[in-house]
Amino acid sequence: MYKQEKIKPYNGSGEKGKLVEEMFDNIAPTYDTLNHRLSWDIDKGWRKKAIKRLLPYHPNKILDIATGTGDFAILAARMLKPQSVTGVDISEGMMQIGRGKVRQEGMQDIISFHKEDCLNLSFTAETFDAVTAAFGIRNFQDLEKGLSEMYRVLKTGGHLCIIELTTPVLFPMKQLFRFYSTYILPGYGRLVSKDESAYEYLNKTIAAFPQGETMMEILKKIGFSSTSFKRLTFGVCTMYLAEK
């Protein structure tokens with residue numbers, strides 16, 4: 001078991017998956033605002049860099065795991081021009097906001113949202129040309145099982161693209177980020193979202209989540225090949241790429 005799998009919202013009183021669902025339903029109305037403010041909108045640039053890495057492969061069917069409010073799915077549809085993007089999440093509250101964004105973009109024929117347990121996806125094997133995930137896999141109750149499901153539904157020769165918040169490894173950004181994530185992020189998140197513990201939980205999972213070379217080993221263990229990673233913004237975010 002990886003460290004972040006042991007960390008649960010709301011003091012851990014219950015199954016992690018159910019608690020994560022409850023937490024994201026609670027913070028859904030303010031999630032986008034907080035994401036953009038707390039990252040100074042840099043998160044938008046991270047998503048664009050990730051999607052650009054998929055451009056050479058022209059994926060036609062894309063699965064966006066832990067899609068949340070759909071920002072990654074919408075950007076993938078806009079930049080990659082696929083036949084379909086399927087966004088899945090355990091939080092209906094988050095996806096309801098995503099559906100509203102999709103209607104505003106006029107992308108209902110391309111993007112669809114479905115409530116799914118990302119550890120037990122309902123899709124058949126070898127379905128998608130690309131699988132994406134932004135800031136979601138560290139909430140998995142079982143990281144390897146979730147990644148195995150992503151591997152299963154990906155077509156042979158298909159590509160995985162993940163971006164995840166990580167802890168910088170170099171001075172002084174490591175120390176600055178520790179201060180920011182320990183004091184600023186939870187306090188501001190609590191003030192805006194009115195959820196006492198959600199952003200404390202999210203901060204703890206960033207610190208505990210395996211990153212860099214360790215994630216490469218995990219992806220290879222699952223069966224992925226051509227694995228690589230790139231730290232973005234001094235390591236505050238890391239992009240992972242792999243092929244089935």
Side-chain angles (χ1 to χ4, degrees), residues 1-9 15-21 24 46-47 49-51 53-54 57 59 61-68 72-73 76 85-91 94 113-167 201-202 204-232 235 237-244:
M1 177 178 276
Y2 298 101
K3 290 180 181 179
Q4 85 286 347
E5 294 173 1
K6 301 175 185 177
I7 302 170
K8 301 177 183 180
E15 181 188 345
K16 178 167 181 173
K18 294 293 185 184
L19 293 170
V20 168
E21 178 183 356
F24 279 110
W46 295 334
R47 290 185 183 89
K49 288 187 181 197
I51 298 298
R53 294 299 298 269
L54 293 175
Y57 309 116
K61 293 185 70 177
I62 300 171
L63 175 66
D64 188 38
I65 292 283
T67 192
F72 213 27
V85 180
T86 303
V88 299
D89 205 288
I90 59 171
S91 169
M94 297 283 277
F113 293 99
H114 305 273
K115 185 172 182 177
E116 291 268 348
D117 176 0
C118 293
L119 306 187
N120 294 284
L121 296 169
S122 64
F123 309 105
T124 57
E126 303 269 336
T127 296
F128 298 96
D129 303 302
V131 175
T132 61
F135 317 123
I137 66 170
R138 73 182 191 280
N139 298 306
F140 285 176
Q141 186 168 310
D142 185 329
L143 176 60
E144 289 190 9
K145 189 173 183 183
L147 291 172
S148 294
E149 278 293 274
M150 294 157 83
Y151 182 87
R152 181 183 67 81
V153 301
L154 191 61
K155 292 180 182 177
T156 301
H159 293 84
L160 172 71
C161 181
I162 294 170
I163 51 174
E164 189 54 83
L165 294 171
T166 46
T167 304
Y201 158 79
L202 292 169
K204 289 177 182 176
T205 58
I206 296 170
F209 190 72
Q211 61 184 56
E213 291 83 357
T214 305
M215 267 295 291
M216 294 296 94
E217 293 173 9
I218 296 169
L219 289 170
K220 289 173 184 175
K221 179 181 179 182
I222 300 302
F224 288 101
S225 62
S226 303
T227 59
S228 65
F229 74 94
K230 182 177 182 180
R231 292 187 173 96
L232 307 174
C237 176
T238 302
M239 174 170 58
Y240 301 97
L241 296 163
E243 183 178 338
K244 179 175 179 180

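Just so you know, these numbers use all the heavy atoms, side chains as well, and skip hydrogens, waters and symmetry mates.
Here the side chains of F135 and R47 are in contact, with some heavy-atom distance below 4.5 Å. Within the 4.5 Å cutoff, side-chain heavy atoms of I206 are placed close to those of T167. At a threshold of 4.5 Å between non-hydrogen side-chain atoms, the residues Q4 and P210 count as touching. Within the 4.5 Å cutoff, side-chain heavy atoms of F140 are placed close to those of I65. Looking only at side-chain heavy atoms (C-beta outward), L241 and H159 stay at 4.5 Å or farther from each other. Considering only heavy atoms from C-beta on, V153 comes within 4.5 Å of L63 through its side chain.
Nearest heavy atoms, C237 versus T166: C-OG1, 3.5 Å. Counting all heavy atoms, side chain and backbone alike, I7 lies closest to K16 at O-NZ, 3.0 Å. For G136 against A66, the heavy-atom pair with the smallest separation is CA-CB, 3.8 Å. Residues P9 and Y201 share a closest heavy-atom pair of N-CD1, 3.5 Å. Residues L165 and W46 share a closest heavy-atom pair of CD2-CZ3, 3.7 Å.
How far OG of S148 is from CG of L143: 9.0 Å, rounded to the nearest 0.5 Å. A distance of 4.5 Å separates CG of N139 from CZ of F24, quoted to the nearest 0.5 Å. Taking CE from M216 and CZ from F229, the interatomic distance works out to 6.5 Å, rounded to the nearest 0.5 Å.
Side-chain atoms of D64 never come within 3.5 Å of backbone atoms of T86 as a donor-acceptor pair (strictly under, hydrogens ignored). Distance alone, capped at 3.5 Å, is enough to place a donor-acceptor pair between the Q141 side chain and the G17 backbone. Side chain of K3 to main chain of F209: no donor-acceptor pair is present (N/O by atom type, distance under 3.5 Å, no hydrogens or angles). The closest donor-acceptor contact from the side chain of T132 to the backbone of C161 lies at 3.5 Å or more, if one exists at all. Judged by distance alone, with hydrogens and angles left aside, the side-chain atoms of Y240 form no donor-acceptor pair with the main-chain N or O of K230 at under 3.5 Å.
Residues R138 and E5 are not paired through a salt bridge, judged by the lack of any N-O separation under 4.0 Å between the basic side chain and the carboxylate. Taking 4.0 Å as the cut-off between side-chain N and carboxylate O, K18 and E15 do not count as a salt-bridged pair. A salt bridge links K155 to D129: at least one charged side-chain nitrogen sits closer than 4.0 Å to a carboxylate oxygen.
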Evaluation steps, side-chain contact (heavy atoms from CB on, under 4.5 Å), between T238 and E164: CA-CA 6 Å; T238 302; E164 189 54 83; 5.9 Å; no
Test log, rule side-chain contact (heavy atoms from CB on, under 4.5 Å), inputs D89 and K115: CA-CA 5 Å; D89 205 288; K115 185 172 182 177; over 6 Å; no
Trace of the side-chain contact (heavy atoms from CB on, under 4.5 Å) decision for V88 with T67: CA-CA 6 Å; V88 299; T67 192; 5.7 Å; no
Step-by-step side-chain contact (heavy atoms from CB on, under 4.5 Å) determination, M150 to I162: CA-CA 11 Å; M150 294 157 83; I162 294 170; 4.2 Å; yes
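Among residues at least two apart or in separate chains, side-chain hydrogen bond (donor to acceptor under 3.5 Å, both in side chains) pairs with a member in residues 211-221 are E144-K221.
For K204, the NZ atom sits in a loose shell: 12 or fewer heavy atoms of surrounding residues, nucleotides or ligands are nearer than 6.0 Å.
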Can I get a per-line list of side-chain donor-acceptor pairs under 3.5 Å for residues 118-127, giving both atom names and the distance, sequence neighbours left out?
from	atom 1	to	atom 2	distance (Å)
N120	ND2	D117	OD2	3.2
S122	OG	E116	OE1	3.4
S122	OG	E116	OE2	2.5
T124	OG1	T127	OG1	3.1
E126	OE1	T156	N	2.8
E126	OE1	T156	OG1	3.3
E126	OE2	T156	OG1	2.9
E126	OE2	K244	NZ	3.1
T127	OG1	T124	O	2.5

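Residues forming a ring-ring contact (aromatic ring centres under 6.0 Å, His included) with F224 (at least two apart in sequence, or on another chain): Y151.
Side-chain contact check for Y2 and D142: no donor-acceptor pair (N or O, by modelled atom type) lies under 3.5 Å.
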